[in-house]
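Below is one structure, written out as structure tokens, with a few remarks after it.
Each chain gets a letter, A, B and so on, in the order its sequence line appears, and its residues count up from 1. This is a predicted model, so every value here is computed, not measured.
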Amino acid sequence: MDWDQLLFKKTWNWLASFKPGSETSTNVLELEKIHTRLTLIARMLCEAHVEILRAEQEGGVRGNILYLPASVSLAASVEDNLLFYLFRVCYLSIQRELNLNWQDTQNHDLKLSRQKAKEVSPQILKQLYQRFPGMAEPFQALIQTLNSQAETEAAQALLWGHWMESENPTDRIQAHTSQNLPEGHTGEMTSRQAPAREQIEIEAMDKEAMQAYTLQHQFEKVETLEEFQGTWRDADGSDELDAHADALQEVDLRKLTRSDDTAHSVLQAEFISSISVPDVEDSRWQGHCLSYDEWDTRKRAYRRDWCKVYPRFQHEKDLEYYQQTLQDHGRVLNHLRKRFSMQFNAWQTVRRQTQGEEPDYEALVENFAERFAGRTPSEKIYLSQRKKRREVSLILLMDLSLSSDGYTGGQRVLDVEKKAVILFSELLSEWGDRFQIDGFASHTRNQCEYLILKSFNENWGQASARVGAVEPRGYTRIGPALRHATSLLEKEQSRSRWILLLSDGKPNDYDRYEGQYGLADVRQAIQEARSKRVQIYALAIESLARNYLPMMLGQGGYRILPRPELLPEALTDFYGRLIKS
Amino acid sequence: MSTHLFSQLEPMQSIDLPYYRPIGQEIQIFEHAWRRRLPLLLKGPTGSGKSRFVEYMAARLNQKLITVSCHEETSAVDLLGRYLIQGAETVWQDGPLTRAVREGAILYLDEIAEARPDTLVVLHSLTDHRRELFLERHNENLKAPESFILIASFNPGYQRGIKELKPSTRQRFLALSFDYPKADIETEILIAETGLDTARAQKLVQLAGKIRKLVEWGLAETVSTRLLIDAGALIADGLPPRLSCEVGIAEPLTDEADTRLALRDLIALYF
């Protein structure tokens, strides 16, 4: 950046900091801080799986999404601002129930939408006070305060929000093929948060337009993206997001274009598509593949041989990663080893032995009884301590999708998982258990990758360096991965067969594998596994998982860890519980 | 089958019946099962009234009830009986199962899935047409009297995959599902059990309805009728409602900070 540009940028940022609403005082309450809490309340009130997203301004409700302001500093104290959010959640849940919104899908004038919202407020408030009479008084006080403060139209609108158009039910975009997928994607590198947008339109990226674009000359000399709505930009995916950080905050993200190229920079926008995403056509990736069915919840039927799973062996190694992990976590490992031996090395008492450490009083009494009865007593009158063979086959299934590229507690999710898997495997191999380590990621149904890091018959020593070399990639199509793992376990002779899933559990793929459709398929895959006597347990780190895992696995089938350091211990606990059963 | 069959089974007024509010036709089903000597499995979440129902039925049928709470260490010996040493002699002592068979009582195995699967195999000969119990150690064959019946309870949502009933055991029982009652019935139960006024009982039930919707999304166990009764009893006893619900509902359900706060907010909305 040249010096004049730099100067301008600094000055501009300084000026921009005087914009109303951006002051940083102590009473500001950010939505992000109380997001989980509010989501839970909203779900209880709506009795449905609703989501809360940041609104552009005052927000409203559309379908299963409640839009709330990103931060509030209206009232004097944080508590009162919290009360405001609580009020909005209650209010919107009732508005949603009464279906007081635009009944069509057109765009409406914001002013009119706000007015409409205000008009119906007495109706909603009446319901609100009726339902929650205890809160009537604080809510009324809040409304009065805010009304007296509000000077601008926007500030007044905060209380009542604005009407939103109803959900768009039909597909508006055509399916396009996904043939020329590039080999060896590298993951995204930079990610930033985009400003909130309530309405997003999906645009199809069609090949013709892309070709036409190459013939046009770009006249833009200044690197700006503001209000850029014109021609196609070349989707070369290079990582230059940080260079455009400020400009990006101004981008009006209202259109979503879906393309086949893997992105290197990601501008994160919260957005849940109400438009159903199309399927992709059949195509093949090179290499050996297996076909698996997928459950279509809407038709309540299987789509036969719908997904192609490519089992592959991981060859890349990172020995250093493995050694470093053992070195860094030597103490954790020792601690776990102790727990392991406590749990698994516990001697089990075997009764009625001809020799043993202690007399078996029960057998002894019988021995007496028989002798008194004049019969030949059994001589097996001792208790013996022995180790019993465990019969467990376990697949550790790691979610390698880009969602594991996120950070939690200062560490990358995938790294936390990798380290935990290394430590856990170290112990499993010491105790001689049968286990396999696999990973999965997908790029549409045609390309579900199933990566084998360590197979059942391999030694941990041979495989230990491979875990470190795994990098995040692609999307999360959980169903096919579970089905493939189930089929592997079916060949195992063990009495107890388990898949341990390390994932946030959010099903998501480029083609349609989202929301209800994805969830239903995963649930179906779990049912299939259970009917084949393969059990599934999931461990996840983030609180995001709370939205998905319970729905798929039901009570007792998962554990969500509040902190990443708990993962190795949780693995050990799970295993202890498993083999004791 | 017509109902007049049971006119003779109407409970005698002199017996003090425990409170039980029927939700469906469970009473008829139980009575039929009892008359036909068919073992019965009660499935349902914690605190949905399974044990209370069995107590009630035992009193209603004027039968003795023997309850065994099963746990991980419950063995066949614990159920059947054992020899004890007294001086130089050995004395046989009946276990609860044997006692129930001898006395012709109702045997209630609470949380049957908790017991080790192999111990339940001793039940098999009792649960089919043979209706007899062979005490191997005592070399005795016991024939179950007419009035003996086996009842078991089981919580399907709990410890899935780890503690399940063996299909061969399961198949031997008729099964009856219990769930938390509908709002109006639950309100009625709350009032009867705690003496709470209708308005506050209704509020408690509404609150529970909302929390139960959340179950699939994050709580391991949801608010049971038993918890509601506890909270209701505290309120009826004079503890402030909001506090009663916090200690009676929110705190027992979760230790997670966000969920707890959300539950407290919800409670504050109602009380």
Spacing of [atom1] belonging to [X] relative to [atom2] belonging to [Y], to within rounding of 0.5 Å:
X	Y	atom1	atom2	answer
B/Asp265	A/Met135	CG	CE	8.0 Å
A/Arg37	B/Arg260	CZ	CZ	11.0 Å
A/Phe132	B/Gln206	CZ	CD	8.5 Å

Quick check: do [X] and [Y] have side-chain heavy atoms less than 4.5 Å from each other?
X	Y	answer
B/Leu266	A/Leu45	yes
A/Phe139	B/Leu269	yes
A/Met44	B/Leu263	yes

Ignoring hydrogens, what is the shortest heavy-atom contact between A/Leu40 and B/Thr259? Give both atom names and the distance.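 For A/Leu40 and B/Thr259, the tightest heavy-atom pair comes out as CD1-CA, 3.5 Å.
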Are there over 12 heavy-atom neighbours, none belonging to B/Gln171, within less than 6.0 Å of that residue's CD? no
Heavy-atom distances under 4.5 Å only: say whether A/Leu86 touches chain B with side chain, backbone, both or neither. side chain
Does any heavy atom of chain B fall under 4.5 Å from the side chain of A/Cys46, the backbone, both, or neither of them? neither
Best-contacting candidate, A/Arg533, A/Glu362, A/Glu366, against chain B by heavy atom pairs under 4.5 angstrom: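 Option with the greatest count: A/Glu362.
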Heavy-atom cut-off 4.5 Å, strictly under: side chain, backbone, both or neither for B/Leu261 against chain A?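 Contact with chain A is through both the backbone and side chain of B/Leu261.
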